[in-house]
Amino acid sequence: MELGIKGKRALVCASSKGLGLGCARALASDGVDLIMNARGVEALEIAAADIRAEFGVEVATIACDVSTEEGQAKLVEIAKGVDILVNNAGGPPPGMWTDWNRDDFIAALDANMLAPIALIKALVPGMMERGWGRVVNITSVSVKSPIPVLGLSNAARAGLTGYVAGTARQVAGKGVTINNLLPGIHATDRAVSLDTAVTKQQGISMEEAQAQRAATIPAGRYGTPDEFGATCAFLCSDHAGFIVGQNVLLDGGAFASAM
Ligand code: NAD
């Protein structure tokens, strides 16, 4: 199926690796020109060069921390006039509910709530003026089913979800959709770092930790960045204009609910 977005421009935040990269690749495969971002230059340039070579689209890169106001200002400057915004940043560290202080909460809110809100506020007005736009926020399954050791993530993402629920309905009349994609466990560096914490806590091997986690997923495996990216590209497609303010779960069935 043609997605109807060839020639559009997208800012994909935190996209040198993992789920962000999956989204960037899927959009590029449908002919979308990209602005890619990550903190480190090296992995970002490698990912961008691969995408240019494989899909023949234009790819600009901007190495900065999306969780800072300075980083957001750089991104907004280069991304003026984009049609598609994919919000993403690294997730907060795991811990116990008693571990976190005010600074830890502020860091989590900056990365996983206030950064996407700042970019939405900066880039959605232009989309509304042009009568077409797509925003996809990468959040987490923890929005529907909180993960006890990820209290910082549970808190910050709940805040973003509430903001999006109202805002999506205020901008939809101008042809702009805002939706959230909620990953369950996917095979990325983030999963490796969470599984490494489990190996240390439980004194088990990486293979055992991964098998233990995979056994909690009805699909019996971790998700892949490619299939995550394909769903993101569909939400950004011309066909998805009636999907507004939704929280789309990609978790292999791990969160059991009737609807
Ligand atoms: P990852 O660690 O594999 O990749 C993160 C990417 O983001 C990298 O390109 C990194 O350079 C970039 N990045 C991180 N912080 C950044 C920042 N402040 N500014 C700019 N770039 C930054 O992570 P992932 O697995 O792809 O996860 C993406 C998001 O989805 C995270 O917020 C994560 O918590 C969430 N999530 C992931 C899973 C999973 O299983 N992988 C599950 C639930 C939620």
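In each ligand, atom 1 is the first atom listed, and ligand 1 is the first ligand listed. Since the structure is predicted, the reported quantities are computational estimates derived from the model, not experimental observations. Quick note: residue numbers are just sequence positions, from 1.
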Parallel, tilted or perpendicular, judged at 30° and 60°: which one describes the rings of H239 and F234?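 H239 vs F234 ring planes: parallel.
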Hey, are Q212 and Q202 close enough side-chain-wise for a donor-acceptor pair under 3.5 Å?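 Note: Q202 and Q212 side chains meet the donor-acceptor criterion.
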Can a side-chain donor-acceptor contact be found between S67 and D65 if the only test is distance below 3.5 angstrom? yes
Applying salt bridge (Lys or Arg N to Asp or Glu O under 4.0 Å), run through D195 and R213 and close with a yes or a no. CA-CA 8 Å; D195 287 338; R213 198 189 294 274; 2.7 Å; yes
Are the side chain of N179 and the backbone N or O of Q246 linked by a donor-acceptor pair below 3.5 Å?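 Pair found, side chain donor or acceptor close to backbone of Q246.
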Name each donor-acceptor pair under 3.5 Å that joins a side chain in residues 17-27 to protein atoms two or more places apart or in another chain, with its distance.
residue: R25; atom: NH1; partner: E54; partner atom: OE1; Å: 3.1
residue: R25; atom: NH2; partner: E54; partner atom: OE1; Å: 3.1
residue: R25; atom: NH2; partner: E54; partner atom: OE2; Å: 3.2

Protein N/O near ligand 1 N/O, under 3.5 Å, which pairs?
residue: ligand 1; atom: 3 (O); partner: D189; partner atom: N; Å: 3.4
residue: ligand 1; atom: 9 (O); partner: S16; partner atom: N; Å: 3.2
residue: ligand 1; atom: 9 (O); partner: S16; partner atom: OG; Å: 2.7
residue: ligand 1; atom: 9 (O); partner: K17; partner atom: N; Å: 3.0
residue: ligand 1; atom: 11 (O); partner: S16; partner atom: OG; Å: 3.4
residue: ligand 1; atom: 15 (N); partner: R39; partner atom: NH2; Å: 3.3
residue: ligand 1; atom: 15 (N); partner: G90; partner atom: N; Å: 3.1
residue: ligand 1; atom: 18 (N); partner: D65; partner atom: OD1; Å: 2.8
residue: ligand 1; atom: 19 (N); partner: V66; partner atom: N; Å: 3.0
residue: ligand 1; atom: 25 (O); partner: T188; partner atom: OG1; Å: 2.4
residue: ligand 1; atom: 26 (O); partner: L19; partner atom: N; Å: 2.7
residue: ligand 1; atom: 32 (O); partner: A89; partner atom: O; Å: 2.6
residue: ligand 1; atom: 32 (O); partner: G91; partner atom: N; Å: 3.4
residue: ligand 1; atom: 32 (O); partner: R157; partner atom: NH2; Å: 2.9
residue: ligand 1; atom: 34 (O); partner: R157; partner atom: NH2; Å: 2.8
residue: ligand 1; atom: 34 (O); partner: R190; partner atom: NE; Å: 3.2
residue: ligand 1; atom: 40 (O); partner: G184; partner atom: O; Å: 3.3
residue: ligand 1; atom: 40 (O); partner: H186; partner atom: N; Å: 2.7
residue: ligand 1; atom: 40 (O); partner: H186; partner atom: O; Å: 3.4
residue: ligand 1; atom: 41 (N); partner: T188; partner atom: OG1; Å: 3.0

